[in-house]
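As the structure is a prediction and not an experimental result, all values here were calculated from the model. What's counted below: heavy atoms across the whole structure, side chains too, no hydrogens, waters or symmetry copies. Numbering starts at 1 and runs along the sequence shown.
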Amino acid sequence: MSQDSTKTGQGPILRFHGAAQAVTGSCFELEVAGGRLLIDCGLFQGSKSEKELNYRAFPFEPKQVDAVLLTHAHIDHSGLLPKLTKHGFGGPVLASRATQDLCSVMLPDSAYIQDTEVAHLNRRNKRRGRRVVAPIYDAADVAQCLSQFRAVAFDAWFEVMAGVRARYWNAGHLLGSASIEIEIASSGDRPLRLLFSGDLGPAHKLLQADPDAPSGFDYVICESTYGDEDRAGASEADRRRILRDAVRAANNPDGALLIPSFAVERTQELLVDLQRLIETGDLPAISIVIDSPLATRATRIFHDHAGELEHGDILSRALRASNIRFTETVDESKALDRLKGFHIVIAASGMCEAGRIRHRLKNWLWRPEATVLFVGFQAQGTLGRILKDGTRQVRIQGDEFVVRAQIREIDLYSGHADGPELCDWLSERRPVEAGLFLVHGEVEAIEGLKQRVSAVVPEDRVIVPRLDDGFRLTAEAAIPLKSDTPRRIDPGKLAHLDWHNDVSKLFLDINDRLEKAADDKARGVVIRTLRRALGASDG
């Protein structure tokens with residue numbers, strides 16, 4: 001991006017290096033007269049085209065970043081911090097104490113997953129004569145990154161650098177999650193005021209209090225994940241009733257209920273609700289297994305912070321329940337494939353992109369007596385989204401599976417506010433004088449929220465940035481910057497299926513067509529047709 005000076009009194013520059021018309025890779029760069037800040041530095045998830053961004057160079061120089069303000073611990077917000085330090089960032093990572101605690105288990109887990117996934121990929125690449133790849137970062141990079149964390153308190157101003165101060169507010173999304181208020185000294189009679197929403201929790205969030213923040217800003221940067229959704233009248237009672245019904249529907253003496261779940265917060269919420277349903281007699285004491293080392297470690301942190309949580313006492317009781325157990329070792333996890341009788345397995349990752357849930361799916365997805373229950377957002381291009389959208393065949397780690405399991409969804413466990421709740425939150429932030437940026441949402445969600453907020457912020461002040469867009473922030477308006485650098489990826493390819501997904505679907509379609517062919521002669525016709533289409537010889 002162009003490097004316009006911010007020292008001319010024209011205002012700071014804000015660039016959007018992730019979560020722009022997409023949900024992952026959250027990273028916003030704020031260039032001010034005194035230096036550069038990042039708000040979040042997250043991992044891209046979704047299609048392979050998006051995930052490849054994780055391996056490419058940052059669109060800025062890490063050594064020139066003075067500090068990172070971290071909204072919360074989720075990997076799509078924190079997951080590239082070790083890469084940032086690996087490439088020269090030496091400043092502080094400023095986060096709430098709970099966020100720091102959660103990152104101390106989530107970032108090492110991210111490095112471990114990368115190491116195991118890359119090792120598996122490299123074995124396949126070597127067999128196929130392809131080049132090997134290296135993980136984005138390793139355990140040593142994570143250790144260095146964690147040493148740079150500095151805990152900050154909520155509701156208290158602190159100086160980030162000369163001319164810039166910040167204050168954290170509860171965002172109600174996750175243990176320790178924050179909206180970040182920033183004031184930047186200006187040549188005018190008052191500082192420029194910005195508010196980064198982070199991810200905002202819904203009104204019916206189980207463990208977190210409602211989001212909070214002051215009012216009166218020049219700019220608000222607001223998430224839009226569920227901006228086009230309306231969970232009218234949703235409540236804790238509704239959520240537990242729907243969960244009860246889903247468990248009862250899945251109860252098969254020879255089956256299992258698999259719940260792909262984010263290891264942090266979502267797993268703990270499920271434990272609380274399942275424990276309450278068992279305590280009230282709405283469900284029997286079903287065997288529940290948490291098949292995620294990260295979830296195990298995160299749950300201990302939640303237990304340590306139970307006094308900060310709503311319903312923290314129920315979570316503590318669930319951890320002592322005899323029917324709930326946690327797998328620690330790989331052998332304990334593998335042994336789950338031999339379990340008899342109906343049971344529930346909660347395993348990461350929540351979008352089925354990595355981790356132990358993939359092994360559980362390989363064991364159960366092809367069985368009609370199994371149920372897969374989604375309880376969180378599934379980004380476009382992920383295995384979770386593909387299953388949720390109704391595919392009948394999938395490829396997992398190169399193997400093909402027919403989907404015979406029941407696929408269900410409960411949306412009420414989402415950690416994100418819906419459209420009306422986002423609009424209400426924005427109303428309470430008024431006045432928003434110069435501009436509202438809508439980020440962290442797919443195009444349909446952003447458009448839905450844009451329509452809703454027309455009564456809150458004038459339409460000409462609502463801005464929908466694309467990946468790597470930059471804006472100069474003046475007291476009157478956000479001025480788009482011209483760039484002389486090519487974009488890292490076509491913004492239109494974000495949050496969409498890519499050619500890798502198409503190839504996987506093609507392989508499945510070819511095999512299906514061959515299996516359904518009447519005889520070898522018919523199969524030969526299919527093969528020759530494909531060869532001609534590819535320009536290949538029939539020999």
Side-chain angles (χ1 to χ4, degrees), residues 43 72-75 78-79 97-117 139 142-143 146 174-177 206-208 256-276 278 285-309 311-339 343-361 363 373 375-376 413 415:
L43 204 69
H72 64 287
H74 278 150
I75 288 298
S78 69
R97 172 64 66 184
T99 294
Q100 181 175 349
D101 290 346
L102 288 173
C103 282
S104 73
V105 298
M106 295 181 73
L107 293 179
D109 183 75
S110 175
Y112 172 77
I113 288 175
Q114 287 178 52
D115 186 61
T116 54
E117 292 285 311
V142 169
L146 291 174
L174 169 72
L175 178 65
S177 65
L206 179 60
L207 298 174
Q208 304 300 328
L257 172 59
L258 306 182
I259 307 180
S261 176
F262 302 108
V264 179
E265 188 98 356
R266 197 64 40 79
T267 292
Q268 292 75 31
E269 290 176 328
L270 286 164
L271 277 177
V272 168
D273 272 353
L274 287 168
Q275 178 66 17
R276 290 184 71 166
I278 291 170
I286 300 164
S287 176
I288 301 170
V289 183
I290 310 303
D291 185 29
S292 166
L294 174 58
T296 301
R297 294 190 289 271
T299 301
R300 294 189 188 116
I301 292 173
F302 273 73
H303 182 264
D304 293 342
H305 288 268
E308 303 169 30
L309 303 172
H311 307 302
D313 57 330
I314 304 175
L315 177 61
S316 297
R317 291 203 301 273
L319 298 181
R320 298 191 298 269
S322 60
N323 61 302
I324 297 174
R325 66 186 178 94
F326 295 78
T327 61
E328 294 284 350
T329 67
V330 172
D331 288 340
E332 288 175 336
S333 178
K334 290 180 177 178
L336 296 181
D337 291 343
R338 301 190 294 273
L339 274 183
H343 56 281
I344 299 172
V345 179
I346 303 172
S349 72
M351 297 185 195
C352 306
E353 284 295 273
R356 293 182 177 181
I357 188 60
R358 288 203 161 210
H359 298 285
R360 303 286 80 76
L361 290 172
N363 185 58
L373 177 64
V375 293
Y413 280 94

> State the CD-CG distance between Gln275 and Asp313, to the nearest 0.5 angstrom.
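So the CD of Gln275 and the CG of Asp313 are separated by 10.5 Å.
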> Are any of the side-chain heavy atoms of Leu270 and Ser261 separated by less than 4.5 Å?
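A side-chain contact under 4.5 Å exists here.
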> Is a side-chain donor-acceptor pair under 3.5 Å present for Ser333 with Arg360?
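Looking only at side-chain atoms, Ser333 and Arg360 do form a donor-acceptor pair, the distance falling under 3.5 Å.
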> Would you indicate whether the side-chain heavy atoms of Thr327 and Arg356 approach each other to under 4.5 Å?
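Heavy-atom side-chain distance check passes, below 4.5 Å.
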> How far does NE2 of His311 sit from CG of Leu271, to the nearest 0.5 angstrom?
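Separation between the atoms: 14.5 Å.
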> If you take all heavy atoms of Ala263 and Ser292, which pair is closest and at what distance?
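Distance-wise, the nearest heavy atoms are CB-OG, 3.9 Å.
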> Which heavy atom of Leu361 sits nearest a heavy atom of Cys352, and at what distance?
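Smallest interatomic distance, heavy atoms only, reads CD1-SG, 3.8 Å.
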> I want to check something: taking the side chain as every heavy atom from C-beta on, are Arg297 and Ser104 in contact at a cut-off of under 4.5 Å?
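Arg297 does not reach Ser104 side chain to side chain.
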> Could you tell me whether the side chain of His303 reaches within less than 4.5 Å of the side chain of Leu315, counting heavy atoms only?
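With C-beta onward as the side chain, the pair stays apart.
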> Counting only N and O atoms by type, is there a donor-acceptor contact under 3.5 Å from the side chain of Thr116 to the main-chain atoms of Ile113?
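Checked: pair present.
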> Distance from Leu102 atom CG to Leu107 atom CG, nearest 0.5 Å?
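So the CG of Leu102 and the CG of Leu107 are separated by 10.0 Å.
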> I need the Arg266 CZ to His74 NE2 distance, nearest 0.5 Å.
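Result: 6.5 Å between the selected atoms.
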> Within the supplied structure, the quantity of interest is the number of heavy atoms (other residues, nucleotides, ligands) at a distance under 6.0 Å from Tyr112 OH; does it exceed 12?
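Atom OH in Tyr112 is not crowded, with 12 or fewer foreign heavy atoms closer than 6.0 Å.
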> Which pairs with one or both residues in residues 299-309 pass salt bridge (Lys or Arg N to Asp or Glu O under 4.0 Å), sequence neighbours excluded?
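Matches after skipping sequence neighbours: Arg300-Glu328.
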> Does any part of the side chain of Ile290, heavy atoms only, come nearer than 4.5 Å to the side chain of Val345, both counted from C-beta?
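No, every pair of side-chain atoms sits at 4.5 Å or beyond.
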> Looking only at side-chain N and O atoms, does Ser110 offer a donor or acceptor that is under 3.5 Å from a partner on Gln114?
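Yes, side-chain donor-acceptor contact under 3.5 Å.
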> Rounded to the nearest 0.5 Å, how far apart are CG of Leu207 and CZ of Phe302?
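Leu207 CG to Phe302 CZ: 6.5 Å, rounded to 0.5 Å.
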> Any side-chain heavy-atom pair from Val375 and Phe262 closer than 4.5 angstrom?
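A side-chain contact is absent here, since even the closest heavy-atom pair is not under 4.5 Å.
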> Would Leu309 and Gln208 count as a side chain to side chain contact (heavy atoms under 4.5 Å, CB included) here? Give the steps.
CA-CA 6 Å; Leu309 303 172; Gln208 304 300 328; 3.5 Å; yes
> Find the distance between OG1 (Thr299) and CG (Leu294) and round it off to the nearest 0.5 Å.
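Going from OG1 on Thr299 over to CG on Leu294, the span is 8.5 Å.
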> Quick one, Leu257 and Ile286 - any side-chain contact, counting heavy atoms below 4.5 Å?
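Not touching, per the 4.5 Å side-chain cut-off.
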> Could you go step by step and tell me if Ile346 and Leu274 meet the side chain to side chain contact (heavy atoms under 4.5 Å, CB included) rule?
CA-CA 12 Å; Ile346 303 172; Leu274 287 168; 4.3 Å; yes
> Indicate yes or no: at least one non-hydrogen side-chain atom of Tyr413 is less than 4.5 angstrom from one of Leu206.
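Side-chain contact under 4.5 Å: no.
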> For Ala306 versus Ser316, what's the shortest heavy-atom pair and its separation?
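Closest approach of Ala306 to Ser316: CB-OG, 4.3 Å.
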> Locate the shortest heavy-atom distance separating Thr267 from Ala295; write the atom from each residue and the value.
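That would be CG2-CB, 4.1 Å.
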> Closest heavy-atom contact between Leu174 and Ala73?
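Smallest interatomic distance, heavy atoms only, reads CD2-N, 3.9 Å.
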> Answer yes or no: is there a donor N or O on one side and an acceptor on the other, between the side chain of Glu265 and the main chain of Leu175, under 3.5 Å?
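Checked: pair present.
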> Start with the C-alpha distance between Leu319 and Ile324, add both sets of side-chain angles, then the distance that settles side chain to side chain contact (heavy atoms under 4.5 Å, CB included), and finish with yes or no.
CA-CA 7 Å; Leu319 298 181; Ile324 297 174; over 6 Å; no
> Taking Arg276 for its side chain and Ile314 for its backbone only, find out whether a donor-acceptor pair lies under 3.5 Å.
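No: the side chain of Arg276 does not pair with the backbone of Ile314.
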